[in-house]
J.: 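Okay, here's the structure, questions in a sec.
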Amino acid sequence: MKTLETSNGASGSNEGKNRCDEEMVKCRRYEMILRIMGLIFTLVAAIVAGSNKDTESVAISLVDGLPPLHLTLTAKWSYMSSTVYFVAVNAVACAYVAISMVFIALIGGSRGRNWKGSILVVALDLTMVALLFSANGASASIGLIALNGNSHTQWHKVCYAFKRYCIQGGAALVISMFGSFFFFCIVLLFTYNLHRTTLNY
């Protein structure tokens with residue numbers, strides 16, 4: 001009887017371990033998909049925002065009653081510090097996720113036991129999430145000023161003149177938000193995987 005109970009206990013333990021291993025394999029597969037999507041979206045966002053430039057002829061009225069002056073003005077992504085920060089953060093996030101995928105592939109199946117490496121990766125993932133959300137917020141705030149202006153500070157709206165520039169900047173912001181979402185999902189997946197591993201042990 002004791003032998004039978006021992007064998008049943010060992011069998012149950014092996015089944016639980018196999019189930020845990022299967023869950024970890026699934027989580028790693030989902031994680032790699034999320035990282036690839038994060039890489040694509042942050043790369044595209046950096047390229048779209050970093051190539052944003054528009055030159056238009058703008059009519060400026062200096063004195064009422066006189067004909068306006070037509071000046072050729074240029075709007076470029078590097079003229080705004082918030083846009084430079086936006087491009088830099090997306091480029092850094094893209095480079096990081098590429099390096100992290102190589103690191104995860106190298107440690108492979110030992111990641112479940114290599115907690116130091118896992119904690120380092122998730123800490124950097126959280127850092128990328130924070131940076132991406134801050135860059136998106138900064139870019140969105142400047143975008144709203146460019147679209148609507150600010151009467152309190154006498155900042156005039158510019159999107160009426162540089163329509164293509166604003167559209168391209170808005171597209172880059174939306175793409176970056178999707179990239180931020182995938183990075184956030186990676187952190188949630190790690191938390192879920194940690195919870196399941198704790199339950200199985």
J.: Please round to the nearest 0.5 Å and tell me the distance separating atom OH of Y79 and atom OH of Y165.
T.: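 Separation between the atoms: 9.5 Å.
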J.: Does F190 form a side chain to side chain contact (heavy atoms under 4.5 Å, CB included) with I119? I'd like the steps, not just the answer.
T.: CA-CA 10 Å; F190 176 84; I119 293 300; 4.3 Å; yes
J.: Is it true that Y30 and M32 fall in one hydrophobic cluster, defined by side-chain heavy atoms closer than 4.5 Å?
T.: yes
J.: Applying disulfide bond (SG atoms under 2.5 Å apart), can you list everything that pairs with C159, at least two apart in sequence or on another chain?
T.: C166
J.: Hey, any chance M177 and L34 share a hydrophobic cluster, counting ILVMFWY side chains that come within less than 4.5 Å of each other, even indirectly?
T.: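 Different clusters: M177 never reaches L34 through Ile, Leu, Val, Met, Phe, Trp or Tyr contacts under 4.5 Å.
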J.: How far does CD of E56 sit from CZ of F162, to the nearest 0.5 angstrom?
T.: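 The CZ atom of F162 is 6.5 Å from CD of E56, to the nearest 0.5 Å.
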J.: To the nearest 0.5 Å, how far apart are CG in L120 and CZ in F103?
T.: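 Rounded to the nearest 0.5 Å, the CG-CZ separation comes out at 6.0 Å.
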J.: Testing the basics here: between S82 and I142, what is the closest heavy-atom pair and its distance to 0.1 Å?
T.: OG-CG1, 3.2 Å
J.: Do I36 and V92 belong together in a cluster built from hydrophobic side chains that touch within less than 4.5 Å?
T.: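 I36 and V92: one cluster.
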J.: Cluster question for you: counting only ILVMFWY and a side-chain heavy-atom cut-off of under 4.5 Å, with indirect links fine, are L43 and F178 together?
T.: no
J.: Looking at W77 and T83, what are the two nearest heavy atoms and their distance?
T.: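 For W77 and T83, the tightest heavy-atom pair comes out as O-CB, 3.3 Å.
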J.: Could you label the plane-to-plane angle of the F133 and F184 rings as parallel, tilted or perpendicular, counting under 30° as parallel and over 60° as perpendicular?
T.: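 Perpendicular: the ring planes of F133 and F184 meet at over 60°.
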J.: Can you tell me how far the CG atom of L132 sits from the OG1 atom of T127, to the nearest 0.5 Å?
T.: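 Spacing of CG (L132) from OG1 (T127) equals 11.0 Å.
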J.: Run S180 and N136 through side chain to side chain donor-acceptor pair (under 3.5 Å) and show every step you take.
T.: CA-CA 9 Å; S180 306; N136 293 339; 2.9 Å; yes
J.: Please name the pair of heavy atoms, one in A98 and one in L39, separated by the smallest distance, quoted to 0.1 Å.
T.: CB-CD1, 3.7 Å
J.: Please tell me if the side chains of K157 and I145 come closer than 4.5 Å, counting only heavy atoms from C-beta onward.
T.: no
J.: For T42 and N90, run side chain to side chain donor-acceptor pair (under 3.5 Å): C-alpha distance rounded to whole Å, both residues' side-chain angles, the deciding distance at 0.1 Å, then the answer.
T.: CA-CA 5 Å; T42 52; N90 276 276; 5.3 Å; no
J.: Rounded to the nearest 0.5 Å, what separates atom CD1 in I104 from atom CD1 in I99?
T.: 12.0 Å
J.: Would you please say whether a donor-acceptor pair under 3.5 Å links the side chains of T74 and T55?
T.: yes
J.: Does a donor on one side chain and an acceptor on the other come within less than 3.5 Å for S134 and Y85?
T.: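 Present: a donor and an acceptor within the cut-off.
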J.: Kindly give the heavy-atom pair with the smallest separation between E31 and L189, and that separation in Å.
T.: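 Closest pair (atom of E31, atom of L189, distance): N-CD2, 3.5 Å.
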J.: Using every non-hydrogen atom in the two residues, find where Q168 and S51 come nearest and quote the distance to one decimal.
T.: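 That would be NE2-OG, 3.3 Å.
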J.: Give a yes or no on whether V121 and F183 share a hydrophobic cluster (residues Ile, Leu, Val, Met, Phe, Trp, Tyr; joining criterion: side-chain heavy atoms under 4.5 Å apart).
T.: yes
J.: Nearest 0.5 angstrom please: L124 CG to L131 CG, how far?
T.: 10.5 Å
J.: Decide yes or no on side chain to side chain contact (heavy atoms under 4.5 Å, CB included) for L173 and F86, but give the supporting numbers first.
T.: CA-CA 9 Å; L173 177 60; F86 178 86; 4.2 Å; yes
